[in-house]
Amino acid sequence: MKRFLQALADSLEEHSGSMTAALCDALRRSEGSTRLPSCEPPPIVRMLDQILATGNPDPHPLIEEVARIRETLAWYGARPERIPEAIGARLFFVELLGPDGMLFCDRCRLGLLLLMPESHYPAHAHAADELYLVLSGTAQWQCGDTAPKLLPPGSFVHHPSEQPHAMRTGGEALLAVWAWTGDIGFESYSMGTTR
């Protein structure tokens, strides 16, 4: 796990900004024992195996690191009180670093997101500043009132606090690193473009 977090910090350093600087600091300082994983939902196991075995000629460097820690990842589905079941059944997370993470940190939340193929994660917003680093899968992203655009692996996306954003996958799953800084509580999370 430590190796993955250090590789992720190296990757994030390529993107300047106070949010990435804070995340890199938290990643490099993370220590302690990793919490034991929960049971992985079967769809995630199969989809993650497909992503890691695709043989992409130009994979993101972090894909190899994800493959190394694959068996230790504690995946969970979206919380039904916040996300409708039809969406939540296609959206899975790992919190690697954070208050509920495999490694504890009270300053940020950081992990992996997997959105299954042919899925729509509708507009939602939250108080936390958020970033995504796309590791695998070209997906359509919409931020605020801008037109949706296709973002390939290697893309870096920043959503300022309270900015509505949405994602839609086509024929391939989306695997991305996600991170929250600032107000990292889930209480502010809401679906829809207005709060």
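Numbers here are sequence positions counted from 1. Computed from heavy atoms alone, side chains included, the values below leave out hydrogens, waters and symmetry copies.
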Asks: My understanding is that only residues two or more places apart in sequence, or in another chain, count here; which of them pass ring-ring contact (aromatic ring centres under 6.0 Å, His included) with Tyr121?
Replies: His124
Asks: Counting N and O atoms only, with roles assigned by atom type, does the side chain of Thr169 sit under 3.5 Å from a partner on the main chain of Glu118, one being a donor and the other an acceptor?
Replies: yes
Asks: Taking the side chain as C-beta and beyond, is there a heavy-atom pair between Asp10 and Arg28 under 4.5 Å?
Replies: yes
Asks: Is there a side-chain contact between Pro153 and Thr138 (heavy atoms, below 4.5 Å)?
Replies: yes
Asks: Does some side-chain heavy atom of Leu175 sit less than 4.5 Å from a side-chain heavy atom of Leu113?
Replies: no
Asks: Describe, in one word, how the ring planes of His159 and His165 are oriented to each other, choosing from parallel (under 30°), tilted (30 to 60°) and perpendicular (over 60°).
Replies: parallel
Asks: Side-chain contact test, heavy atoms from C-beta onward, threshold under 4.5 Å: evaluate it for Leu23 versus Leu131 and give yes or no.
Replies: yes
Asks: Evaluate side chain to side chain contact (heavy atoms under 4.5 Å, CB included) for Val66 paired with Phe4, printing each intermediate quantity in order.
Replies: CA-CA 7 Å; Val66 172; Phe4 173 77; 3.6 Å; yes
Asks: Using a 4.5 Å cut-off on heavy atoms from C-beta on, say whether the side chain of Glu95 contacts that of Trp178.
Replies: yes
Asks: Given side chains that start at C-beta, do those of Leu103 and Leu96 come closer than 4.5 Å, heavy atoms only?
Replies: no
Asks: With a 6.0 Å cut-off (strictly less than), is the heavy-atom count around NZ of Lys2, excluding the residue itself, greater than 12?
Replies: yes
Asks: If we only count heavy atoms from C-beta on, is the Arg109 to Phe93 side-chain gap below 4.5 Å?
Replies: no
Asks: His158: which residues meet the ring-ring contact (aromatic ring centres under 6.0 Å, His included) condition with it, sequence neighbours left out?
Replies: none
Asks: I'd like to know whether the aromatic ring centres of Trp180 and Tyr189 sit less than 6.0 Å apart in this structure.
Replies: no
Asks: State the CG-CG distance between Leu133 and Leu8, to the nearest 0.5 angstrom.
Replies: 7.0 Å
